[in-house]
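Structure first, commentary second.
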Amino acid sequence: MLKPYIDAVLRVWRLAIRPTRGRTALALRNALICMGAVLIGEIWQLPMLSLLTLSLAALWQNNRVANMKVAVMYVVFFSVVTGVLYVGVATTINNFFATLVFNLLLSFVFFFLSTTTILGLISVVGGLVLSYLLVTLDSMQIGDAVARLVLYAWRVFLIIGGLIGFIGSWLSPSPEHVLTDQIVERLFLSAKCLTRRAKGQPIPIGLQEAITDSVGEGVSGMFGVLGLAALEHRWTGMDLSYLRRAALNSFGILQVVEQCLTNNAPISDEDCAHLAGKVKALGDCFAENRRPTEIDEQTVCSGPLAQEIERLIQAFTQPLTAEEVQLPPNQPPAKNPPKKPGFFIPGAFWDKENVRFAVKGTVSVCIAIITYKQLNWTGVHTCIITCFVVSLPTMGAVLDKQRLRIFGALIGCSMAMGLIVWVMPHLTSVAELLIVVGIMIFIGSWVKAGDQRISYMGLQMIIAFALSDLVQFAPATDLTIPRDRIIGILIGLTITFVVHTVFWPCSAMTGAMKKLKALDALLGQDVTQWNHDQRMLQAARVQEAASGAMSSLRSAMLEPSYMRPTQHRLRQYKVFLRRAVMNAGCLFGATAEHQEKKVIRLDQILKEDAPAPAQGEGQS
C-alpha cells in the first residue's frame, strides 16, 4: 500500500538533487541578486522588502537576453499600473467598499492578462504585489502618507526592473552559453549510459529518468534559446547554424541511447565503449567553448543503433540552416497567412475560458480579502497572495500546484523557524544577515532551477522564507510570523479549491485530449519523402507532444472521480503514449530503414481494449 507513495517521494527527491549542467550557477546568481536587493532595501528602508525579494526570485531568467526582455516589460507594465493605482487610491481612500471594488477590477485584469498575453508570470506577480499593497493602504488615513507609499512602491518596481535588466545583463550568461550547456548535458548523459553498458554495469534509475526526461523535452526549447542568441547580433549566421546542428543531433543521439537502456538492445559492448569515448570527447569540446572541426568519418560500429549514433556524431561538423530544418507543410499554404503573434495571443478575447478563469481568480481574491479583514489578523495576509500563485485554468493543475505550494511553504517556513531559533540571535551585522539570506535563497533557487514538475516548489520555499524572515529591517525574532504565514496559505488554498470546484470547474482532460489529438495528427503524417534532419525534427515534436500529453494526464488523475476518465481509459491513453514514443524512435536513421514502423493511431486504441505493452517498450 505504501510503495506508490514511497516511489513518488523518491522520484521528487531525485528531481530535486539532479545535478544538471548550469543549475548551480543559475541558483547562485539568483541568490546573489536577491542578496543585493535585500542590501538595497535595508539601506533605503524600502517597504515591501519581502515582496521585492520574491519578485526577483520569480522573474529571474537563465540568460541575459531573456532578463532584459523581462525587465523592459516589467518597468513599462508597472509604470502604467502605478499611475492607475495612484488614481484609484486617491479616489477610494477611506472607503473600504470602493477600495475593494478597485482591487477586484485590477485582479480581474491581472488574471486575464496572465493567460492571454506574453506577460504571463509578470502579471501574476503584479497582481499579488498590488493586492497586498491595496490592503495595506486601506489601513492608512492620511492621504499624504498614501501618496508617499505609492511612490515608494514605484521605486521598488524600478529597482526590480533595473536589477533584472542591468545586473542580469552583466551577471547572466549569453543564450549561446546556455544552449551550449544544454548540448553538453545531453552528450554527457549519453556518454554515461554508453559507458555503463560497455562495462556491463546496471544503469541507475536516476540516470534512466534523466535521459527519458531530456528526450521528452525535444528541441523546441533549445531552438527558442537559439532565437534569443540571434537577437544579440554577436554571432554570425554560420555559428548559429553549427549550434542548430549540434542541438538537433544531440537530441538524436540521446533518443537512440534511450533505446539502449534495456538489456536486450541490439548494440554490442565494444560499440558502446567506442561510442562513449567519442560522445564524451564531443561533449568536452563544447564544454571548452570549441566547435568540433575534424571528426573521423570512418565507420567502425556494426548494428543499426551504433551506426546511427556514429553517423550523428560525424554530422556535427556540418552546418544546419533554419530553412533546411523546416518541416514540409501538410496542407497548401493559405491565401492569408496568420499574423505574427503580438502582445495578445490569438483568440484571447474570443475564448470564454479566459474570462471564466479571470472571474474565478477574482472571486477567490475577493473572498480572501474579506476573510482577511474579518479575521483582523495581519499575519495571514498570505491568503491573498496564495489566490494569485495557485490559480490555474484547470482543476488538475490547481490541485498539483496546491500540493507543491503546501510542501514548499512547509519547508520554507521550517527553515525560517530554524533560523529564528538557532541563527538570528547570533547575528551582529548586515553582512551576516545577507549571507544567511543568500544561503536560504540558494537552496530554494536550486529546486526552482530543476525540472518543471518541482520548480514551483522551490519558488514557494523562497516566498515562505521571505515573507517570514524579511518583514522588518532587522533580524526576525518572532516565531508566530512563520506560523501565521502557514495558516494564511492554508486559508488561501481552501478558498481557491472551493471556488475552482464550484464555479465552472474545468478538467485537465480537455487540454489532454487536445494534446493527444495533436500527437495523433503528428503520427499520421507521411514522412517517407522527408530528409533525415526533417524526420529527426519530427521525432522531437512527437516526443514533446507525448511528454505534454502525459503531463496533462498526470494533472487529470488528481481531479475528483467525476471529472477524470475511468482507469481503463487512462490505461488506454498511456498505451497510446508509449507506442507514440516507440514510433518516434523509428522515424529516422538506420532504425527506420531496418525496422518496419507500424503506427498505432488513437482511434485504434480507443475502439478496443489496448494490449499489454511489450517488455522494453520504453516510457513516455
Side-chain angles (χ1 to χ4, degrees), residues 26 29-30 32-41 43-90 103 105-107 109-134 136-137 146-175 227-228 231-233 341-345 385 388-389 459 462-463 466:
L26 177 58
R29 288 192 293 268
N30 203 341
L32 289 175
I33 197 70
C34 290
M35 291 170 62
V38 172
L39 179 61
I40 294 174
I43 293 174
W44 286 356
Q45 298 288 290
L46 293 176
M48 303 188 304
L49 178 60
S50 59
L51 296 180
L52 185 152
T53 305
L54 68 89
S55 297
L56 282 172
L59 298 176
W60 187 260
Q61 304 296 310
N62 62 353
N63 66 83
R64 58 188 177 217
V65 176
N67 274 326
M68 183 58 70
K69 293 177 65 176
V70 168
V72 172
M73 289 191 296
Y74 188 91
V75 171
V76 173
F77 177 68
F78 277 98
S79 295
V80 175
V81 169
T82 303
V84 176
L85 176 66
Y86 180 78
V87 175
V89 171
N103 196 341
L105 287 176
L106 284 181
S107 299
V109 172
F110 289 138
F111 278 116
F112 184 78
L113 293 179
S114 67
T115 57
T116 59
T117 66
I118 60 176
L119 291 174
L121 187 59
I122 295 178
S123 182
V124 175
V125 172
L128 66 92
V129 170
L130 292 180
S131 290
Y132 175 66
L133 182 61
L134 282 172
T136 304
L137 290 174
V146 171
R148 285 200 302 269
L149 186 57
V150 172
L151 293 177
Y152 267 115
W154 187 39
R155 180 191 293 183
V156 170
F157 299 148
L158 294 179
I159 290 173
I160 294 174
L163 289 174
I164 295 176
F166 295 102
I167 304 300
S169 299
W170 168 72
L171 195 61
S172 297
S174 67
L228 293 178
L231 295 178
E232 284 193 302
H233 300 289
F343 181 72
F344 289 94
I345 64 175
I385 296 175
F388 280 97
V389 297
L459 178 60
I462 298 175
I463 292 177

Could you go through Phe112 and Ser123, starting from their C-alpha distance and side-chain angles, then the distance that decides it, and tell me whether this counts as side-chain contact (heavy atoms from CB on, under 4.5 Å)?
CA-CA 9 Å; Phe112 184 78; Ser123 182; over 6 Å; no

How many angstroms lie between atom CD1 of Ile164 and atom CD1 of Ile160, to the nearest 0.5 angstrom?
7.0 Å

Output, in order, the C-alpha distance, side-chain angles, deciding distance and verdict of side-chain contact (heavy atoms from CB on, under 4.5 Å) for Leu56 and Leu59.
CA-CA 5 Å; Leu56 282 172; Leu59 298 176; over 6 Å; no

Hey, could you give me the CZ/CG distance between Phe110 and Leu105, rounded to the nearest 0.5 Å?
11.0 Å

Which heavy-atom pair separates Thr115 from Ile345 by the least distance, and what is that distance?
O-CD1, 3.3 Å

Which value, rounded to the nearest 0.5 Å, describes the distance between Ser55 atom OG and Ile122 atom CD1?
10.5 Å

Could you state the interatomic distance from CZ (Phe111) to CG (Leu106), rounded to the nearest 0.5 Å?
12.0 Å

Determine, stepwise, if the pair Val389 / Leu459 fulfils side-chain contact (heavy atoms from CB on, under 4.5 Å).
CA-CA 10 Å; Val389 297; Leu459 178 60; over 6 Å; no

I'd like a table of donor-acceptor pairs (distance under 3.5 Å, sequence neighbours excluded) in which one partner is a side-chain atom from residues 73-82, with atom names and distances.
unit_1 : atom_1 : unit_2 : atom_2 : d
Ser79  : OG     : Val75  : O      : 2.7
Ser79  : OG     : Trp154 : NE1    : 3.4
Thr82  : OG1    : Phe78  : O      : 2.5

Tell me, with the steps shown, if Arg155 and Leu158 meet side-chain contact (heavy atoms from CB on, under 4.5 Å).
CA-CA 5 Å; Arg155 180 191 293 183; Leu158 294 179; 5.7 Å; no

Once rounded to the nearest 0.5 Å, what's the spacing between atom OG of Ser114 and atom CG of Leu121?
9.5 Å

Residues passing the side-chain contact (heavy atoms from CB on, under 4.5 Å) test with Ser172, sequence neighbours excluded, are Arg29, Trp60, Arg64, Asn67

Closest contact, heavy atoms only, Met68 versus Gly165:
CE-O, 3.4 Å

Atom CG of Asn30 and atom CG of Asn62: how far apart are they, to the nearest 0.5 Å?
11.0 Å

